[in-house]
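Whatever order the structure lists them in is the order used to number ligands and atoms, beginning at 1. Not measured: the values here are computed from a predicted model.
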Amino acid sequence: MVEKKYTKIYFRLLPSETMAWDYLKILDDHKTIYIRCLQELNKAKESVVPTFWTFHSDQVFFNHTQKEIYDTITPDVLDNLSNGRDAIIMAYGQTGTGKSLTINGLQNPFENRGILPRVITDLFHNLNKEASRNIKMCIQASYVEFSRTNIYDLLQPYPNSLASLKEITKVKIRSEEEALKIIFRGEGRKVFAESASYPSHSSSSIFTFYINKKNLEMQDNAIRKCKLHVVDLAGADTVGNFSCSFKNPYEIGTANLAKTQLEQFFLVLCSQIPEQIKLRQKLNPMIQYLGDSLNNSSILRLIGHIRVSREDLLVTISMLRFGEIIGGLKSMKCEVSINKEVTQERVESLERELARLKLENTYNTILMHQDLAKSLNEERFAHIERTVNEFLQNKISHLTLMNVCDVNIALEILRMIYKKCEEEKKEVIVTKHSSTIGSHKAHSKSSRLSHKTSSTETLPKEKTRSGSAAAVLKTPSKVGSQHETGSKTKSRTSSSSLLKRASATKRKSSSSASLYDKTREKSKSKQSFETALMPQIPPEYHEAWQAYVTDKNDEFSRFQHFYEKNETVAKNLYRTYLNDLDRLREISSRVEKHKHDLFLARMTREFQRANIDKGETVSEFEKCSTSQLETSQQEQLEVQESVLRCQTELKAYINACKEIKRDVKRHFDLFCKEKYNLEIPGLEPCEPAMDIVATLAQEEEKMVKEVQAQDDNHEMCEIKRFERFKNLIEYEKRRKRLYQMKHREWVVY
Ligand SMILES: Nc1ncnc2c1ncn2[C@@H]1O[C@H](COP(=O)(O)OP(=O)(O)OP(=O)(O)O)[C@@H](O)[C@H]1O
């Protein structure tokens with residue numbers, strides 16, 4: 001078995017926007033990876049507690065920088081190199097998962113350079129350090145590519161590059177710059193997949209440093225030799241995978257075979273049977289090339305590259321197993337119900353997503369249902385008209401409308417245009433028909449001429465019409481000005497057609513102007529009835545109510561229709577009721593006046609009877625007051641009856657409205673239950689929100705108070721007046737008696 005301390009396994013995850021975290025999880029220590037068992041996924045049982053395969057590694061890299069990766073992997077490699085131990089740094093993995101980036105990274109910015117350029121920097125840094133300690137170091141390099149069954153020497157130009165293992169070029173490198181030049185040269189000679197979106201290699205490549213060290217202070221002249229192989233293995237994959245669509249099956253097969261042979265070689269390496277090891281070495285030129293470096297005393301750093309997606313799960317598992325085999329570790333099966341941290345993160349992200357969606361939904365609901373026609377100003381309306389007009393005239397390619405209200409208005413405008421066009425079409429047909437009849441009747445040359453003139457008139461007329469059809473949407477001032485300019489050129493047109501046109505224009509402008517009001521009016525009343533019929537529901541059910549209202553709901557339309565009818569009748573009735581109340585007030589004051597007159601007349605009669613003692617005579621004034629009072633009282637009775645009738649009827653209509661509302665509520669409950677399986681909790685049937693009821697009660701109260709006050713005043717008045725009259729009469733009687741007494745006394749004396 002390969003000695004564990006010299007072998008380290010790393011995994012690098014390819015970052016992507018759509019990471020399938022349901023299938024792959026990383027433990028907090030960033031050393032263990034869990035991969036969902038494929039068998040379970042095939043069963044497609046969602047309720048199953050997910051089972052994962054566990055894979056251990058020395059480090060899992062995810063969103064790590066190139067420098068962080070280099071710093072983790074290489075320090076002890078370079079240290080061991082100084083001690084004369086061979087080393088291999090190998091990147092393997094699926095196609096397009098970042099092997100070349102990890103190893104070379106030459107296409108990337110300088111700070112993202114890969115392991116190879118960084119190793120060169122450190123090697124030459126070490127070389128300088130060793131030189132100061134009297135150690136002579138010589139570095140040579142070779143760069144080879146294993147494509148299919150061939151070996152290419154990347155330090156030789158093609159066709160000389162085709163080589164055997166014994167002929168590989170070794171170049172002495174004296175500086176970092178020289179080394180980089182070699183790498184770039186070799187890189188340019190590699191085989192690339194033409195149709196790939198990035199420089200994809202279908203073959204494996206190895207850059208080898210041959211390091212010879214001699215301590216000048218030692219007498220033995222011994223040279224320590226070691227090799228460092230930096231391997232970029234061909235990407236293994238599954239034929240038919242989207243990620244390797246640019247590779248042919250032969251290339252994929254070769255890459256998979258190389259990986260399998262390497263895997264088997266490591267297995268026999270563990271068994272320590274030399275014949276088996278040699279046999280396996282011979283099977284693969286790359287393993288042969290690596291030769292003695294690939295043994296259990298070498299430093300081995302393997303970086304497995306994986307992509308986290310459902311499609312690549314199979315390849316990912318094979319990559320992780322490969323790593324474990326090389327690392328001499330065994331994978332185990334375990335049950336992971338929940339990886340807490342990841343799940344928590346997932347829950348939080350889902351909650352955020354939910355909140356965002358809710359907000360978006362609210363926004364859409366507002367846009368969908370808010371009736372902006374009420375708050376729409378005339379400028380905006382005119383703007384929509386103009387836009388629709390321009391759209392119809394092909395001046396603009398798109399009709400940009402901001403919300404549903406805009407759409408409704410635009411549709412209404414289109415309907416108006418269509419209506420106008422239809423009318424005009426009819427008009428044209430009628431004109432044509434009448435002119436045809438005229439032409440048939442006319443026999444003389446002159447009449448034929450006039451027919452000609454009239455038919456030539458039709459053309460500009462039609463032309464203007466098509467223009468005027470577009471002008472339907474123009475503002476009245478514009479229409480007027482168009483009419484003015486049009487009239488200047490109309491010397492040929494008959495006065496009747498001018499008149500017709502003028503009236504048509506007038507109609508158009510008025511209809512255009514009234515369209516705004518109509519639309520507003522319509523939407524206003526519709527809105528008010530929808531609101532009036534809305535039961536008392538908690539705010540969170542308002543969306544459901546909007547859905548209920550906008551749903552193709554015949555029942556609700558029926559309710560709305562009845563409610564509307566009922567409301568209209570109730571309103572008319574209420575108006576009658578108010579009129580009757582006014583009349584009643586006026587009659588009551590008349591009755592009071594007549595009563596007062598009658599009272600005065602009776603008092604006068606009383607006074608006269610007591611004073612003059614002439615017997616009872618009824619004056620004309622008293623007779624008139626009596627008859628007027630009787631008439632007024634009769635009238636008052638009738639109006640009172642009418643008021644009472646109005647009241648009763650109003651109450652009936654209000655109850656009917658209440659009943660409709662209750663029905664709406666019941667139907668809405670049913671709708672919620674069926675559509676959303678939603679119970680609306682603890683809702684009382686709403687009370688009628690009609691102002692009429694409140695006003696009615698107020699009016700009644702006011703009237704009762706007024707009548708009471710009037711009655712009170714009247715009674716008080718009557719009592720006082722009666723008292724005064726009584727006093728007056730008494731006073732007169734006493735004065736008379738005194739006068740008579742004095743007169744008698746005076747006579748006696
Ligand atoms: N960790 C990463 N971060 C950002 N981009 C990456 C990462 N890994 C790979 N890429 C990008 O993915 C693409 C493929 O990378 P790269 O060529 O290194 O993959 P590869 O495994 O060598 O592919 P192939 O097997 O086809 O040669 C490149 O454009 C690279 O920049």
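Polar contact check, Ser200 against ligand 1: a nitrogen or oxygen pair lies under 3.5 Å apart. Looking at His201 next to ligand 1, an N or O pair under 3.5 Å apart turns up.
What sits closest to atom 5 (N) of ligand 1 on the protein, heavy atoms only, is Leu101 CD2, 4.5 Å. The shortest contact between atom 16 (P) of ligand 1 and any protein heavy atom is with Gly98 CA, 3.8 Å. Among all non-hydrogen protein atoms, the one lying nearest atom 25 (O) of ligand 1 is Lys99 NZ, 2.7 Å.
There is a side-chain donor-acceptor pair under 3.5 Å between Asp312 and Ser309.
Not a single heavy atom of His305 sits under 4.0 Å from any atom of ligand 1.
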Problem set entry | Verdict with reasoning, Phe207 to Leu154, per side-chain contact (heavy atoms from CB on, under 4.5 Å) | CA-CA 9 Å; Phe207 191 97; Leu154 293 175; over 6 Å; no

Exercise. Does the side-chain contact (heavy atoms from CB on, under 4.5 Å) test come out yes or no for Thr208 and Tyr289, once each step is laid out?
Worked result: CA-CA 10 Å; Thr208 309; Tyr289 175 80; 3.0 Å; yes

Problem set entry | Full working for side chain to side chain donor-acceptor pair (under 3.5 Å) between Ser142 and Tyr210 | CA-CA 8 Å; Ser142 64; Tyr210 302 89; 3.1 Å; yes

Exercise. Which is it for Lys190 and Asn104 under the side-chain contact (heavy atoms from CB on, under 4.5 Å) test, yes or no, and what are the steps along the way?
Worked result: CA-CA 13 Å; Lys190 275 188 184 175; Asn104 285 331; 3.7 Å; yes

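The side chain of Pro15, and not its backbone, has at least one atom closer than 4.0 Å to an atom of ligand 1 (non-hydrogen atoms only; side chain from C-beta on). When non-hydrogen atoms are compared, ligand 1 lies under 4.0 Å from the side chain of Leu14 (C-beta onward) but not from its backbone.
The closest heavy-atom contact to atom 24 (P) of ligand 1, among the options Gly96, Ser203, Gly235, comes from Gly96.
In this structure, atom 7 (C) of ligand 1 is in close contact with the protein, since a protein heavy atom lies within 4.0 Å of it. Within the 4.0 Å cut-off (strictly below), a protein heavy atom is located near atom 14 (C) of ligand 1.
Around the CD atom of Glu177, the shell of radius 6.0 Å holds no more than 12 heavy atoms that belong to other residues, nucleotides or ligands.
Nearest heavy atoms, Phe265 versus Gln281: CE1-CG, 3.6 Å.
Considering only heavy atoms from C-beta on, Ile9 stays 4.5 Å or farther from Phe55 through its side chain.
Ion pairing of Glu353 with Arg356 is present here, as a side-chain N (NZ or NE/NH1/NH2) and a carboxylate O approach within less than 4.0 Å.
Taking a cut-off of under 4.0 Å to the non-hydrogen atoms of Gln94, the atoms of ligand 1 that pass are 21 (O). Contact atoms of ligand 1 toward Arg12: 1 (N) (distance under 4.0 Å to a heavy atom of the residue).
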